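Worksheet: the structure to be examined is printed underneath.
None of these values were measured; they are calculated from a predicted model. A, B, ... follow the sequence lines: proteins, then strands. Residue 1 opens every chain.
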Protein chains: 2
Amino acid sequence: MSPKKEQLIKVATNLFSRHGFHPVGIDRILVEAGVARMTLYNHFPSKDDLISAVLERRYQDIMASLRASVEPTASAKEQLHAIFAWHEAWFGAPEFAGCLFERALAEFGTEYPKISTIAIQYKQTMTEWMRDILKTFLPEGAAARIASILVMLLDGATIDARAFHDPTVATRAWNAAEVLIEQANTRQA
Amino acid sequence: MSPKKEQLIKVATNLFSRHGFHPVGIDRILVEAGVARMTLYNHFPSKDDLISAVLERRYQDIMASLRASVEPTASAKEQLHAIFAWHEAWFGAPEFAGCLFERALAEFGTEYPKISTIAIQYKQTMTEWMRDILKTFLPEGAAARIASILVMLLDGATIDARAFHDPTVATRAWNAAEVLIEQANTRQA
DNA sequence: AATTAGATAGAACGATCAATCTATGTTGTC
DNA sequence: GACAACATAGATTGATCGTTCTATCTAATT
């Protein structure tokens with residue numbers, strides 16, 4: 001892919017993450033990326049398409065990073081713990097400014113499918129991934145139920161980490177997750 | 001308070017909830033409220049002040065509604081259950097479009113204190129309220145820890161309810177909350 | 001050397017936005 | 001009936017926005 005296009009996605013991701021989609025104008029992206037106006041419109045038909053590309057890229061990057069942090073040989077519980085630990089590291093990173101997908105959902109709602117689809121897909125992928133891990137030692141129904149809860153915990157933790165500037169919410173979230181998993185495990189055994 | 005001012009807050013709350021703060025312009029509020037431009041600027045120095053007033057009002061309304069739905073004579077667990085039940089009813093309401101405070105945080109971040117302060121205050125009030133309820137039958141540390149978890153669950157449920165158009169997440173969230181409360185209770189007894 | 005594709009800077013357009021100004025109209029009170 | 005307080009409609013300003021247009025420049029390919 002063109003290095004200019006690459007640069008645009010990278011800079012736009014940064015600015016959108018820090019300030020939101022609406023408040024960041026095209027000009028600001030152009031200046032910070034060192035790219036001409038028409039170069040942007042040659043690669044992306046409109047700002048919305050740039051936003052879509054940013055979210056798409058972000059989705060690929062996050063899933064790759066998450067999957068890389070989870071040892072495939074580890075136990076199911078260790079795999080789930082790794083997912084929560086990944087979030088804690090993320091919350092503590094200096095550039096952390098909340099989840100870009102939440103922001104997209106909050107700013108555009110579900111009215112712009114081109115944008116909200118990716119945000120919802122991310123949530124679904126996470127839910128299914130954790131459900132599959134849980135299914136290795138829990139019945140299908142319990143696995144699906146708890147996976148839904150784990151997603152809620154992670155979503156809530158992401159919000160609270162930003163609102164309170166407190167990365168340790170991830171630890172508390174994992175402690176709760178552990179209790180719920182244990183309880184479901186002993187109850188079915 | 002002036003009926004016009006009242007009307008402006010009501011209409012602005014509606015529009016902001018449905019479409020967000022940035023996309024809704026002054027003109028749209030004026031037309032829908034049937035109010036003249038200068039009337040708005042006589043009551044609110046700027047759009048930001050209108051947003052602040054909307055959030056302030058929303059905070060008062062939500063807390064009043066929540067407190068009214070919780071029987072003071074009920075048991076601690078029943079009180080917490082009432083809070084989750086309130087959320088489920090909210091998620092199922094036809095006008096539900098996510099939490100206005102989350103939206104404010106997502107659109108403005110923590111850079112605009114006049115706006116983000118109220119959103120954070122709401123979260124803190126909820127945390128302290130549930131912590132106090134939990135303290136009636138749990139040690140202080142456990143109560144604070146679980147209160148933080150319950151807030152995460154509610155925040156996550158609010159997000160997922162909107163993203164998936166699924167009000168039943170509240171029930172799952174409460175089931176998880178119940179397990180966590182029971183476990184903390186038996187562990188300390 | 002000629003051609004072509006892509007990038008550049010910068011002006012310009014039309015639309016929208018928050019906010020201000022002006023001048024008229026309505027309402028209730030003394 | 002006069003006064004004061006508030007509300008009205010609408011033009012207007014200045015800024016910002018996404019997008020388009022034009023014309024020049026660079027670099028690789030033939």
Side-chain angles (χ1 to χ4, degrees), chain A residues 1-57 100 103-104 106-109 111-116, chain B residues 1-57 100 103-104 106-109 111-116:
Chain A
M1 191 177 302
S2 159
K4 293 286 176 185
K5 190 171 183 179
E6 207 67 30
Q7 174 74 354
L8 281 169
I9 291 183
K10 188 178 145 199
V11 167
T13 301
N14 252 313
L15 289 173
F16 289 153
S17 296
R18 278 189 294 161
H19 306 105
F21 297 97
H22 282 108
V24 171
I26 294 288
D27 286 7
R28 202 160 161 198
I29 298 173
L30 294 179
V31 169
E32 208 141 320
V35 161
R37 193 178 306 277
M38 280 315 289
T39 306
L40 187 152
Y41 281 99
N42 279 333
H43 287 300
F44 308 98
S46 73
K47 188 188 178 186
D48 283 0
D49 292 279
L50 172 59
I51 293 176
S52 277
V54 163
L55 291 175
E56 194 69 56
R57 169 66 55 89
L100 203 59
R103 193 154 218 171
E107 283 196 48
F108 297 99
E111 308 167 41
Y112 296 71
K114 205 173 15 163
I115 290 174
S116 66
Chain B
M1 192 179 300
S2 158
K4 293 287 177 185
K5 189 171 184 180
E6 207 68 29
Q7 174 74 355
L8 281 168
I9 292 183
K10 188 179 145 197
V11 167
T13 301
N14 251 314
L15 288 173
F16 289 152
S17 297
R18 278 188 294 164
H19 307 105
F21 297 97
H22 282 108
V24 171
I26 294 287
D27 285 7
R28 201 158 162 200
I29 299 172
L30 294 179
V31 169
E32 207 140 321
V35 162
R37 193 178 307 276
M38 280 314 289
T39 306
L40 187 151
Y41 282 100
N42 279 333
H43 287 300
F44 308 98
S46 74
K47 187 188 179 185
D48 284 359
D49 293 277
L50 172 61
I51 294 176
S52 278
V54 163
L55 291 175
E56 192 70 54
R57 169 64 58 89
L100 203 58
R103 194 154 217 170
E107 283 195 47
F108 297 99
E111 307 168 43
Y112 296 70
K114 206 171 17 162
I115 290 173
S116 65

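Of all the heavy atoms in A:Ala106 and B:Ala106, the pair that sits closest is CB-CB, 3.3 Å. Listed here is the closest heavy atom pair of A:Arg103 and A:Ser17: NH1-O, 2.6 Å. Across all non-hydrogen atoms, the minimal contact from A:Ala104 to A:Ile115 is CB-CG2, 4.0 Å.
A distance of 6.0 Å separates NZ in A:Lys47 from CD1 in A:Ile26, rounded to the nearest 0.5 Å. Atoms CZ and CD1, from A:Phe16 and A:Ile29 in turn, are 4.0 Å apart once rounded to the nearest 0.5 Å. In this structure, the separation between CE on A:Met38 and NE2 on A:His43 is 11.0 Å, given to the nearest 0.5 Å. A distance of 5.5 Å separates CG in A:Leu100 from CG in A:Leu55, rounded to the nearest 0.5 Å.
Under the ring-ring contact (aromatic ring centres under 6.0 Å, His included) criterion, B:Phe108 pairs with B:Phe21, B:His22, B:Tyr112, sequence neighbours left out.
Proximity of residues 43-55 of chain B to DNA chain C (heavy atom under 4.0 angstrom from any strand atom) is restricted to B:Ser46, B:Lys47. For DNA chain C, the residues of residues 5-27 of chain B within the heavy-atom distance limit of 4.0 Å (strictly under) are B:Val24, B:Gly25, B:Ile26, sorted by number.
Using modelled atom types, one finds a donor on one side chain and an acceptor on the other under 3.5 Å when comparing B:Asp49 with B:Ser46.
Of all nucleotides in DNA chain C, those with any atom nearer than 4.0 Å to a heavy atom of chain A start and finish, going 5' to 3', at C:dA7 to C:dA11.
The CD1 atom of A:Ile29 sits 11 Å away from the P atom of D:dT19 (whole-angstrom rounding).
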Protein-nucleotides 8-11 of chain D N/O pairs under 3.5 Å:
from: D:dT8; atom 1: OP1; to: B:Lys4; atom 2: NZ; distance (Å): 2.9
from: D:dT8; atom 1: OP2; to: B:Ala36; atom 2: N; distance (Å): 2.9
from: D:dT8; atom 1: OP2; to: B:Thr39; atom 2: OG1; distance (Å): 2.7

Distance-only check: which donor-acceptor pairs under 3.5 Å involve side-chain atoms of residues 4-14 of chain A, not counting sequence neighbours?
from: A:Glu6; atom 1: OE2; to: A:Arg57; atom 2: NH1; distance (Å): 2.6
from: A:Glu6; atom 1: OE2; to: A:Arg57; atom 2: NH2; distance (Å): 3.3
from: A:Thr13; atom 1: OG1; to: A:Ile9; atom 2: O; distance (Å): 2.6

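Under the 4.5 Å side-chain criterion, counting only non-hydrogen atoms from C-beta, A:Arg18 is in contact with A:Leu15. Looking at heavy atoms from C-beta onward, B:Arg28 lies out of side-chain contact with B:Pro23 at the 4.5 angstrom threshold.
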